[in-house]
Amino acid sequence: MKLYNTMTKRKEEFVPITPGKISMYVCGPTVYNLIHIGNARPMIVFDTARRYFEYKGYEVNYVSNFTDVDDKIIKKANEEGVTAEEISSRYIAECKKDMEAMNVRPATTHPLATNEIPGMIEMITKLIEQGHAYEVNGTVYFRTRSFPEYGKLSHKNLDDLRSGFRDLKVSGEDQKEDPLDFVLWKPKKEGEPYWDAPWSQGRPGWHIECSVMAKHYLGETIDIHAGGEDLIFPHHENEIAQSECCNGAPFAHYWLHNAFLNIDNRKMSKSLGNFFTVREIGEQYDLMVLRMFMLSAHYRSPLNFSREIMESAKNSLERIVTAADRLNDLIAAAQDQDLTEDEKKKLEEMKPYRLKFEQAMDDDLNTADALAAVFELVRFANVEVSEGASRLFAEMVKQELLLLCDILGLTVERRQETLDEEIEAKIAERQEARKAKDFARADAIRDELLAKGIILEDTREGVKWKRA
Ligand code: AMP
Ligand code: ZN
């Protein structure tokens, strides 16, 4: 399998450190708001990578952090008059709900920066001892000139960057030795959360968090480090500098970066205000449509969000769902009989779709081409499985389709039946609430169902329901 490595700017054959195992760190969101669909792109594409690695038989240790201490979190907490911890835990819970709705599996570990402060103090102390970091008035900076390889990931011209920053320095109150030096630890300001450290009561810089969490959960050298391409510089460059100086070992073998999700050809971002939250999109579409939309492009290609492309993703998904549905009906009506010679031949003819799928995914996770193979399989299923097919044959075609979709994290079986059960359970709960004269609860359940397009009617024969 080949993966494009930002470090070498080439597609490279993937060779894990330990045969059969993959250690993978994906930078997670800063939790001060609901995530937007730009943040969802790395979640979906790297979850798909993980699923594919597991399909290939690897045991994947997948770590993705939540940055739960940050200026923006503190600002939001002050605005609401609550603690920063309250803000971060609220939005971590919301983020996890969105992940589940997008069928993004929980990481093996989701570390929180605030739980890892001792490790950060330890790493910073070591960097100071080694001469890679220095303290000025309670702030600790990383000394970028002490790491000759600084800049190796982003391939930037550091002299240009330095002179760009120098102009800023003239006007600023900068106390750094070099404009490229970055903060490892900073003193608290009034009203901010803080931890005791040898240099000041304060908090860590953003970059050190990921170096420490990656080391804690995955070791000094990891197979894959991933995130959005805006993280290449300075975040990942700085992580490399800290980790490699402290540990004396290469930090990550493969650096994977997704391109931006754009809107009107500009990066979707909180600061530009041009975003849709996953929650908003979830009100208009099944989030499997969003997943389909994300996977319809290669992860390193920019993807422009538009209603047209979402509608086309919706139709594409529907095509697969309809095919799976049809197979289910055929299976239900089919006879138990041995595979015919013709069916055996057709099963042989089905094999190339899987091969094509694998070739696409082996080529730097080309989900767009992998989906093309899935659609060929859909066409095959629609044409080759018909009434009179043996149950085993229809079952095998369906399993093949579900397997490939599952690798992409696409749920394609209609959720009708479970939904009906859910509705019945809610109706029973509402009846209980009414019996207990808890009418507020009963109304809340009615509204909740209405939001899902389920209308309740109280009739003399009991409660009836229908879809809007
Ligand atoms: P943040 O919360 O801004 O640190 O972002 C969390 C993750 O989402 C990082 O990996 C970012 O690179 C990624 N990200 C943010 N905005 C976008 C976007 N518009 N398109 C793709 N990835 C993004
Ligand atoms: Zn990070």
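In each ligand, atom 1 is the first atom listed, and ligand 1 is the first ligand listed. Along the sequence shown, the residues carry numbers beginning at 1.
- For the atom pair Asp70 CG and Thr114 OG1, the distance stands at 12.0 Å (nearest 0.5 Å).
- Looking at ligand 1, you'll find an N or O of Leu261 within less than 3.5 Å of one of its N or O atoms.
- Ion pairing between Lys351 and Glu400 fails under the 4.0 Å rule for side-chain N and carboxylate O.
- Counting heavy-atom neighbours within 6.0 Å of Asp264 CG, excluding the residue itself, gives a total of 12 or less.
- Nearest protein neighbour of atom 1 (P) of ligand 1, counting heavy atoms only, is Asn39 ND2, 4.0 Å.
- Heavy atoms from other residues, nucleotides or ligands lying under 6.0 Å from CD of Gln284 number more than 12.
- Scanning the protein for heavy atoms near atom 23 (C) of ligand 1, the closest one is Gly38 O, 3.2 Å.
- Comment: Glu54 engages Arg105 in a salt bridge, judged by a side-chain N to carboxylate O separation of less than 4.0 angstrom.
- Taking only nitrogen or oxygen atoms, main chain and side chain alike, Phe260 does not reach within less than 3.5 Å of ligand 1.
- When non-hydrogen atoms are compared, ligand 1 lies under 4.0 Å from the side chain of His36 (C-beta onward) but not from its backbone.
- On a distance-only criterion, Thr30 and ligand 1 share at least one N/O pair closer than 3.5 Å.
- At the top of the distance list for atom 19 (N) of ligand 1, counting protein heavy atoms only, stands Met268 O, 2.8 Å.
- In summary, His235 places an N/O/S atom under 2.8 Å from the Zn ion (ligand 2), meeting the contact criterion.
- At a heavy-atom distance under 4.0 Å, only side-chain atoms of Asn258, from C-beta outward, approach ligand 1.
- When the heavy atoms of Gly228, Pro42, Ser271 are ranked by distance to atom 7 (C) of ligand 1, first place goes to Pro42.
- Between Ala226 and ligand 1 there is no heavy-atom distance shorter than 4.0 Å.
- For ligand 1, one of its N or O atoms has an N or O atom of Asp230 under 3.5 Å away.
- Angle SG(Cys210) to the Zn ion (ligand 2) to OE2(Glu239), rounded to 10°: 100°.
- By the 4.0 Å N-to-carboxylate-O rule, Asp406 lies close enough to Arg51 to be salt-bridged with it.
- For atom 9 (C) of ligand 1, the closest non-hydrogen atom of the protein is Leu231 CD1, 3.8 Å.
- Ring geometry for His257 versus Trp255: interplanar angle under 30°, hence parallel rather than tilted (30 to 60°).
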